[in-house]
Every structure is written in C-alpha cells, then in structure tokens.
Amino acid sequence: MRTPVPAPIGAAIDGASAPRLSAYRRSGADLPFSSPERWHGVAMEGYFWCFTDVAAGRSVIVLHGVNRPSAASTEAWSTIGVASWPDGGLITGAWPGAQARVHQLGARNGSIFCGTDQRVTVDLEDRVHIDVAISQHQRWPSRLLGGSSVFQMVPALNQYWHPWLLGGRADGVVEIDGTR
C-alpha cells in the first residue's frame with residue numbers, strides 16, 4: 001500500500017495569503033506556534049527518518065531532499081539516501097521529479113520514494129526496498145518553538161532541523177542489497 005500523494009510544489013502554503021508571511025516562510029524561518037513540519041518553499045527541503053531495531057542491534061536511516069534550482073521554479077529533483085548499521089550499507093543518488101507536501105510533513109518522487117509521518121516507502125531498483133508504517137507517535141512536545149529553538153525565527157540561516165517525532169513504532173520491511 002502506497003502513502004497518499006503529497007501536494008505538488010508550488011501550491012499555497014497553509015492559507016498564508018499575506019505575501020510577507022509567505023516570503024518569511026520561504027526564507028526557511030518559522031514563527032512561534034507555527035508548524036515547522038510544513039513545506040517552506042526553500043531551495044532544499046529535507047526529510048529524515050531513523051528506524052532502530054533495538055533487539056537486533058540494527059538501524060536504518062532514510063533521507064529525502066526536495067531540491068529546486070530557484071524559488072520560482074516548480075521543477076524539482078530528489079536527493080535520496082539510505083544507510084544501515086552495523087553492516088555499513090550506504091546508497092545515495094539524485095533523481096528527477098520531486099514533490100513536497102505543503103500542509104504537513106512529507107515528500108515523494110514517483111514510485112521510488114514516498115515518506116510521510118505515517119509511512120515510508122523506498123524502491124531503488126534492485127538495491128533498496130523499504131515499506132515501513134509508523135504509529136504510536138510521540139511528537140515534538142512544544143507548540144511554541146521547534147527543535148531549533150528561537151533560531152527557527154531567524155530568516156535565511158543555513159539549516160533548520162526540527163525533530164518532529166521523538167519516538168513511535170515502526171512496522172514493516174527493510175531490504176538493502178539483499179539483506180532483509
């Protein structure tokens with residue numbers, strides 16, 4: 001089962017009809033009490049998941065970047081990476097055609113990647129097959145500020161990272177280079 005399709009890049013940002021507020025979000029910044037999980041409209045919006053099987057002593061990291069050449073562009077490409085521990089597996093690459101969800105966390109690239117707060121699927125040819133459902137969410141506890149603290153309000157910082165999910169349950173299958 002695939003995750004619902006994220007809204008395409010270029011759609012309106014959460015009712016931000018005021019041009020100043022939209023421009024502020026496109027700088028990468030977030031006001032207090034706003035959701036840092038939503039798409040900002042920046043040149044690279046990144047998404048990162050880490051799944052850990054404590055009993056087996058294994059971890060898998062999945063990342064997806066939605067990249068655009070300019071703020072006015074609707075053409076985008078994906079930077080996708082999958083890493084596993086302890087075997088040291090690492091697969092990275094860039095693929096044309098990326099989309100970000102506008103009003104909530106998530107991104108996709110055709111049938112090769114789809115990630116939301118509910119499910120992550122990756123299908124990179126014969127190397128990576130991931131289908132993991134996420135439940136029992138323990139989300140970021142503060143509505144006032146995100147993980148970057150007051151710095152989330154400063155426009156045009158190089159990076160903003162927000163830990164949106166601090167815990168939960170992941171159920172599914174991860175297969176990397178033939179190892180399941």
Side-chain angles (χ1 to χ4, degrees), residues 1-16 19 21-31 34-51 60-83 90-125 127-134 137 139-140 146-148 151-165 168 170 172 174 176:
M1 175 188 215
R2 288 281 183 199
T3 307
V5 177
I9 287 177
I13 299 174
D14 270 8
L21 182 55
S22 292
Y24 180 74
R25 285 210 33 95
R26 283 193 307 274
S27 77
D30 288 299
L31 291 171
S34 65
S35 173
E37 297 177 19
R38 298 177 303 137
W39 180 68
H40 290 82
V42 295
M44 196 291 278
E45 188 93 21
Y47 304 87
F48 183 93
W49 293 263
C50 179
F51 302 111
V60 173
I61 294 171
V62 178
L63 65 88
H64 183 269
V66 177
N67 309 282
R68 297 180 307 145
S70 71
S73 177
T74 57
E75 293 184 33
W77 71 93
S78 294
T79 305
I80 298 173
V82 177
L90 177 65
I91 295 97
T92 62
W95 288 265
Q99 294 176 312
R101 293 175 90 179
V102 174
H103 302 295
Q104 51 194 315
L105 184 131
R108 79 167 296 144
N109 186 322
S111 63
I112 64 172
F113 181 93
C114 193
T116 69
D117 62 343
Q118 302 294 314
R119 181 176 228 98
V120 176
T121 60
V122 184
D123 189 7
L124 299 178
E125 302 166 357
R127 299 203 61 198
V128 177
H129 301 286
I130 296 173
D131 189 353
V132 174
I134 305 166
H137 296 84
R139 295 185 100 81
W140 181 256
S148 298
F151 295 104
Q152 79 178 35
M153 297 181 293
V154 180
L157 287 179
N158 187 28
Q159 292 193 21
Y160 300 87
W161 286 98
H162 174 67
W164 60 276
L165 187 65
V174 174
I176 301 172

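In this chain, residues are counted from 1 in sequence order.
The two residues G147 and P163 have their closest heavy-atom pair at CA-CD, 3.5 Å. Pairing each heavy atom of M153 with each of D30, the nearest pair is CG-O, 3.3 Å. Considering every non-hydrogen atom in both A100 and V66, the closest pair reads CB-CG2, 4.3 Å. Across every non-hydrogen atom of R108 and S78, the tightest pair is O-OG, 4.5 Å.
Applying the side chain to side chain contact (heavy atoms under 4.5 Å, CB included) test to V42 and every residue at least two apart in sequence or in another chain returns H40, E45. For L63, the side chain to side chain contact (heavy atoms under 4.5 Å, CB included) criterion is met by F48, not counting sequence neighbours.
D131 places a side-chain heavy atom less than 4.5 Å from the side chain of R119. T92 places none of its side-chain heavy atoms less than 4.5 Å from the side chain of T79. Using a 4.5 Å cut-off on side-chain heavy atoms (C-beta onward), R139 and D117 make contact.
With rounding to the nearest 0.5 angstrom, the CZ atom of F51 is 4.0 Å from the CD1 atom of I134. The CG atom of N67 sits 6.0 Å away from the CE atom of M44 when rounded to the nearest 0.5 Å. Taking CH2 of W77 as the start and CG of N109 as the end, the distance is 12.5 Å to the nearest 0.5 Å. Taking CZ of R101 as the reference point, atom SG of C114 lies at 7.5 Å (rounded to 0.5 Å). One finds the CD1 atom of I80 at 4.0 Å from the CD1 atom of I112 (value rounded to the nearest 0.5 Å). Atom CZ of F113 and atom CD1 of I130 lie 8.5 Å apart (nearest 0.5 Å).
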**Asked** Does the side chain to side chain contact (heavy atoms under 4.5 Å, CB included) test come out yes or no for L165 and W49, once each step is laid out?
**Response** CA-CA 9 Å; L165 187 65; W49 293 263; over 6 Å; no

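Looking at D123, its side chain never comes within 3.5 Å of a backbone N or O of T121 through a donor-acceptor pair.
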